[in-house]
Amino acid sequence: MKKQLWMETEAIRQLENIEKYLGVVDCVGLPDLHPAKTPVGTTIVTKNVIYPSLIGNDIGCGIAL
């Protein structure tokens, strides 16, 4: 039996694109992952760089760590 992935394909594609950014060490989709201008529900680890456009995108959208 093939299991279906609950994450939206577009959000996964967005994560894969972010992984290519300069200085990105790791990128993880959390349980509330969904596509937006930049994907909502992610944790992104960078080294020596900050991407303001990736910070605070839909904060508090249904999950707390």
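Keep in mind the model is a prediction, meaning the values are calculated, not measured. Heads up: numbering here begins at 1 and tracks the sequence.
- Atom OH of Y21 is separated from atom CG of L54 by 5.5 Å, given to the nearest 0.5 angstrom.
- Between C27 and I44 the shortest heavy-atom distance is SG-CG1, 3.9 Å.
- The minimum heavy-atom distance linking V28 with D26 is given by the pair CG2-OD2, 4.2 Å.
- Listed for the Q14 side chain is a donor-acceptor partner under 3.5 Å among the backbone atoms of A36.
- The side chain to side chain contact (heavy atoms under 4.5 Å, CB included) test with T42 is passed by exactly one of I18, L30, D32, L33: L33.
- Neither V45 nor V24 shares a network with the other; the hydrophobic side chains, linked directly or stepwise wherever heavy atoms of I, L, V, M, F, W or Y lie under 4.5 Å apart, form separate groups for each.
- Closest heavy-atom contact between Y51 and T46: CD1-CG2, 4.3 Å.
- Minimum heavy-atom separation, P39 to A11: CB-O, 4.4 Å.
- Atom-to-atom distance recorded for N17:CG and T38:OG1 is 12.0 Å, nearest 0.5 angstrom.
- Put simply, CD on E16 and CD1 on I12 are 7.0 Å apart, with the number rounded to the nearest 0.5 Å.
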